Every structure is written in structure tokens, then in C-alpha cells.
Number of protein chains: 2
Amino acid sequence: MATIYDVARRAEVSVATVSRVLNGGSVDPVLAERVTKAVAALRYRPNLVARSLRTQRTRLWAVIISDVRNPFFTDMVRGIEDVASAEGYSVVLCNSDEDEAKEADYVDVALAERMAGVILSPSSYRAAHVNSLASAGCPVVLVDRELDGVRADAVLADNEQGAHIATKHLVEQGFERIACVTGPREYSTAAQRLSGYHAALTEAGRDADESLVRFADFREPGGHAAMQSLLDGPKRPDAVFVANNLMTIGVLRCLTERRLSVPGDVGVVGFDELPWAELVRPTITTVGQPTYEEGRVAAEALVRRIKNPNAEPTRTVLPTHLHVRESSVRGR
Amino acid sequence: MATIYDVARRAEVSVATVSRVLNGGSVDPVLAERVTKAVAALRYRPNLVARSLRTQRTRLWAVIISDVRNPFFTDMVRGIEDVASAEGYSVVLCNSDEDEAKEADYVDVALAERMAGVILSPSSYRAAHVNSLASAGCPVVLVDRELDGVRADAVLADNEQGAHIATKHLVEQGFERIACVTGPREYSTAAQRLSGYHAALTEAGRDADESLVRFADFREPGGHAAMQSLLDGPKRPDAVFVANNLMTIGVLRCLTERRLSVPGDVGVVGFDELPWAELVRPTITTVGQPTYEEGRVAAEALVRRIKNPNAEPTRTVLPTHLHVRESSVRGR
DNA sequence: TTGTAAGCGTTATCAT
DNA sequence: ATGATAACGCTTACAA
């Protein structure tokens, strides 16, 4: 591959001049023309590795998410991508698979590659990885989940509000024994969604009943098992609020297997949009997060953080919306 | 951030020795110990940018796919990721959005960043981008789609066979007027799936009827429009084979809107697995590709290509499987 | 086994 | 405005 020296030689100028043409310094139009021609003729592309070493910065972001296959994250990644490419960054997608060790590996790579910044949806409730980024001076933005005792920008959905409207909706539909399947207690999202559920019940003058709550793992089999356990429990629920999309699938599978009708036997509201929520019969009521928007906002926060490393951390909370569909509506 | 010189100074050895410790050269255990301690104390991480410049190779792959939100690709990406990280590579995910210009941009980035290799699911039927990678000596593996006149490794599903078994199944179920919604004629996948459809009809002793074939765009609205056009056409189909997952959604939406029952009025088989195929009523019969496996195989091909740039290009075809569900089965 | 020094391809400083 | 050259942080001959 051609280097800047090859271009300089062909254009009969110095490498400094070539560099100026490439980076917009002031140079005589005649020389500039010669350089441009030589660049084209040699199909020269500046070596970004060398440029990065010299300038001490790269155009790469690491986006570390816990599950590439979850539509929630793919949508978010698109939001990030769009901002990134508009700002001249490329996105390195890292799939931590809810595995703390993998997450640590990717953080190491981001640091070793001297990436310009990191967007992280933590797979761990511990702050260690974020702190090692922060102490290395690498800009970080947290997305989806927040971490105790971490000073970093964060972009979150309004989980408590979302869970609140979902539960309130079930109350209003006349369901009596409303259960909740949430995620691991250590995660802010799981805790906040549970707390919104509790708040809505309290507001309706009902006592919280812990035998109607299950802590699962945010995955499909976890949701399935939690629903089974609820159905086999002392107090059989007539409705359930499920705290994420994957677990909602598990819950629905369980209900199908048991030949229980939705919403006749059990009403269902799920957190997170499902791409096929409208296609399933019954259609599924969901609490939608603005996922693409979350990605965009996080990316914009990262851009700001890179430009101004010492600004106060920001915490952006985005509203959620209830999409009422068939699974939660008592027709008759 | 600490450099190799800081480590050398602290360990009281030369930078060469530090480098040897880091890269597994032979060095006196006593010195090695001092180096290891200094590395830990300084929290030293080798600068991969500098290493890349010096060694003239990076540990980055570009994976350029046409739609991050299509579950087909996210599954594939996981297969790629798993191999990549086992081999010490990181994956830069690029979403070309079926846009030829975006694809070109990402190819440029891959070249400029001197990435170790590229896995590409082409968003264009033209060979230009692959050729510019090839002429720059950048290892490329094509996945999902193949391109005319391109000498590169390719990993594909057996599209013709998949379409064949799908169509044959519809014939066996007693459907009379079996339509086909395929993708743009220029894409190998669309052509091969159409050809499998034709072959199965011929084999069943039926004449191909072009009024039952539609070329759409592999997207949901395209599938929807194609189904409408079929229903409004001269010969109303009683079954349809749809050549990808997104278009299958469009087709199903159309049938729902028209209040046609599946499979009573129209039988449906879709190409590509749908994560919710089991959850919809009726459940959807699909031709599944081994998507994760395709990613793995493509990644392994890239590893080989990087090690041996001059080997003959390989073409791997992976089998598909028919998952018979309710949408194609005539019960009574 | 260890150290010295050249060089990877840029950009930026400093003369001119 | 232009050019010579040092420097970015590493690996790797080559010498000792």
C-alpha cells in the first residue's frame, strides 16, 4: 500500500505538504492539485493506525452490550451507530453475553486499543470495570442500567414510571392477583421496575404480596420458570407484569403450554417492545422504551464527554409508553 | 498512560526485555519477575495502536452486514464474534442498511484502519467493493450472498434446496396455486430460492406460472405489497412461499388485514427462522438456516484466509431445514 | 540472555 | 507557504 512518502515523491512535494492537503492546511493550489492527482493515481489511503499513534487518539468507540440478539439492544446500537458515523467514529460492537469476565476482556481491549470512548450496558452490578475505564481517563457512558457509586454519564428509561403505568393498567382492567416477574435484584432496572409495580399496587390500596413476585434472570428460560413457579404457588395470579422482553416470551410459552388463555385466564403486560407484538394472537400489551433514542442520546453524551472530559456527569431519563393491546384487556 | 519505557525504567531493564516478557521471548526469570511487577504496579497496558503500526497488522475485523435488526444477522454475528474472540480478534460491526454508499464507506474505513479482514454480506450485487478490498490485499469472506465474477471465500445456505423442500411440502399438502415472493432478481439468494421453487413445481409435474411470482425487496413493506398484488392478481394463490423473514412478516400482515385465514385460505412457508414462529397463531412453517453456524464457518474461513492469503477460494454451502408448523398444514 | 537502535506512517514543530 | 525532522510506542535485527 502506498504511503505518504510515495505520494510526496510522485507529486514532487514534501510529506508535510501532502499532510497539509489531506488535513486542510494552507497550501498553494498548484501543489495541492498535484497532490490530489497523486493520491488518486496511487489509490492512497492515509494509514489511520499511524495517524492514531501520532495524534494520540482514535476514531473508534467500543459499545459493550449484554446481548446482541436482544432486539432492545440492536435498536439501541442503531441509534448509536447513526450518531457515531455522523461524527466520524466507527463502532466496535462487543457482546458481553451477561458475562462479567467477557465484559472485563472487552474493557481491556478498549483501553489497549486506546479507543476514543466506551458505551456500556453493564453485565455486572459491580463498578470495577467502569472505574478502570474512568481511572485510565477513557470516556464512558452507561446505558440502560446504572451502577451504585459510579460517577459517569448515564442514559436510562424511566423504569419506575413504566412499571407503574403497566401495573396500574392491569389494576384498572379489574385483575385481582397481579404478579411481577422481574430481573436480578442487583440490577437497577430490575429494582426500579419492581418498585414501580409496588407503587402502583399501593396507590390502588392493595397490599404487596411477595408470594406474587419472582426474581428471574432477564432471559427467556428464566421467565418460563418464574411463570411456572407462580402458577404452582399458593396464590395463583390472574395477571402478570413481566420486566423485560425475553422473559415475556418465556412467560407466554409457559402459558401456552399450560393451555391457559391470555388474557382470559392470565393478563400479560411486558416491559420492552417486541417486534412481533402485533403479530401474535393475542397481541401483547407492552411498555415501550425509546430504544433508538436511548442509543442516540447515549452517543451524543459520549461526544460531549470526549470534547469535555471534566464536565459534571449527566443522567438522562427517557419516558416510556404503554401500548395497550389484547393481552391485558378484559373484553367481557 | 504508562509506556513500555516507564516499565523498563522501573524494572531496571531495557525496553526490549520488557517486550520479550510481554510477547513470550526467552528471558531470565529474575528479570521477568521484575518486569511483571512493574507492569502491575504501573497498570501498564501495551498500546495496541503502536504495536499495530510496528507489526503491520491489527486485531480487528470488520463485519459489514445489511441490517443489524434482522435476527438472521444478529445470530450470525454471534457466531462470528465467538470465533473472533477465541482467536484474539475484535469485531467492528458495520451496518450498511442495504445502502451501497454506506457499504462503500465502511469498506474504506476497514482499509484505512488496516483491519485484519472483512466479513461482508453484500448490499449490492456489484463486485466493486469486494474488488477494492481484494486489490488492497485485504482478506474478505462473503456471507449469505455471493457475487458474480468475484474470487473470494463464500459461506452460503443451500438456498435452492431450502426453497425446494418448502415448495414440495406445500405441493404435498395439496395446495394448488402456490405463489412465490422472492427478493430482487440481482441477488443470488433471491435467484436461487426462486429456482428451487421452480424446480419443485416442475418435479411435481406442474407448469411454472409467472403470474404467481413476485420480486420484492426482502423487506417487510415489500412483502406486504407483493402479497396484495398476488391476491388482486388474475390467479389468486392458495399458498405462498416467501423468500425471507422480513417479507414473511409483511405477507402475514397483509393476510391478517384481508381477514384471510392461514392456512385455510392461504398456506404460508417462510424462508429464515423467526424467533417468534412458535408464538404466533397459527405457528409459522419456516425453512431454517443454521445462522450461528454460518457466522462461525465464515469466521473460520477468514482465519484461514489471513494465515494463507494465496489459497484457492472456498465456497461452503450449509444445509437448511424445514420446520413444519401450522401455517402450511391442511388439517382437514 | 540482554541492550541498542532502526523503523512502522503519520503529524507537528521549527526553520527557511 | 514549504520542507526537514523529531516524535508517537512499540517490535525486532543486530551486536555484545
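Worth saying up front: this structure is predicted, and the values here are computed from it rather than measured. So that the names make sense, note that chain A is the first sequence line, chain B the second, and so on, each numbered from 1.
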Is there a donor and acceptor pair, one atom on the side chain of A:R54 and one on the base of C:dT10, closer than 3.5 Å?
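Not at all, since no donor on one side and acceptor on the other fall under 3.5 Å apart.
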
Kindly state each residue pair satisfying ring pair (Phe, Tyr, Trp, His ring centres under 6.0 Å) with at least one member in residues 59-107 of chain A, sequence neighbours excluded.
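Ring pair (Phe, Tyr, Trp, His ring centres under 6.0 Å) check on residues 59-107 of chain A returns A:W61-A:Y89.
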
Can you figure out which of [options] approaches the side chain of [X] most closely?
| X | options | answer |
| --- | --- | --- |
| B:Q56 | D:dG9, C:dT10, C:dC8 | C:dC8 |
| B:A16 | D:dC10, C:dT4, D:dT2 | C:dT4 |
| B:N47 | C:dT10, D:dG9, D:dT2 | D:dG9 |
| A:S14 | C:dT10, D:dA4, C:dC8 | D:dA4 |

Residues from residues 18-38 of chain A lying under 4.0 Å of DNA chain D - heavy atoms
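Going residue by residue through residues 18-38 of chain A, the ones with a heavy atom under 4.0 Å of DNA chain D turn out to be A:R20, A:S26, A:V27, A:D28, A:L31.
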
To the nearest 10 degrees, how far apart in direction are the end axes of the helix from C:dT1-D:dA16 to C:dT16-D:dA1, each fit to five base pairs?
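Rounded value for the end-axis angle: 40°.
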
Using a strict cut-off of less than 4.0 Å between a Lys/Arg side-chain nitrogen and an Asp/Glu carboxylate oxygen, indicate whether [X] and [Y] qualify as a salt bridge.
| X | Y | answer |
| --- | --- | --- |
| A:R304 | A:E300 | no |
| A:E98 | A:R145 | yes |
| B:D108 | A:R45 | yes |
| A:E146 | A:R315 | yes |

Can you see whether B:T291 engages B:D75 through a side-chain donor-acceptor pair at a distance of less than 3.5 angstrom?
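Yes - a donor-acceptor pair under 3.5 Å links their side chains.
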
Would you tell me whether B:S135 and B:N131 have side-chain atoms, one donor and one acceptor, within less than 3.5 Å of each other?
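No pair is found: no donor N or O on one side chain lies under 3.5 Å from an acceptor on the other.
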
Interatomic distance where [atom1] belongs to [X] and [atom2] belongs to [N] [whole Å]:
| X | N | atom1 | atom2 | result |
| --- | --- | --- | --- | --- |
| A:R45 | C:dT10 | CZ | P | 13 Å |
| A:L53 | D:dG9 | CG | C1' | 6 Å |
| B:Y5 | D:dC8 | OH | P | 9 Å |
| B:E12 | C:dG3 | CD | P | 11 Å |
| B:I4 | D:dT12 | CD1 | C1' | 12 Å |
| B:Y44 | D:dG9 | OH | C1' | 7 Å |
| B:R57 | D:dT12 | CZ | P | 7 Å |
| B:R114 | C:dG9 | CZ | P | 8 Å |

Tell me what B:V49 touches on the nucleic acid: a base, only sugar-phosphate, or nothing, going by heavy atoms under 4.0 Å.
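Since no nucleic acid heavy atom lies under 4.0 Å of B:V49, the category is nothing.
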
Does A:R114 use its side chain to pair, donor to acceptor, with the backbone of A:L111 at less than 3.5 Å?
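Yes, the answer is positive, given that a donor and an acceptor are paired below the 3.5 Å cut-off.
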
Closest heavy-atom contact between B:E100 and B:H129?
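Reported closest heavy-atom pair: O-CE1, 3.3 Å.
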
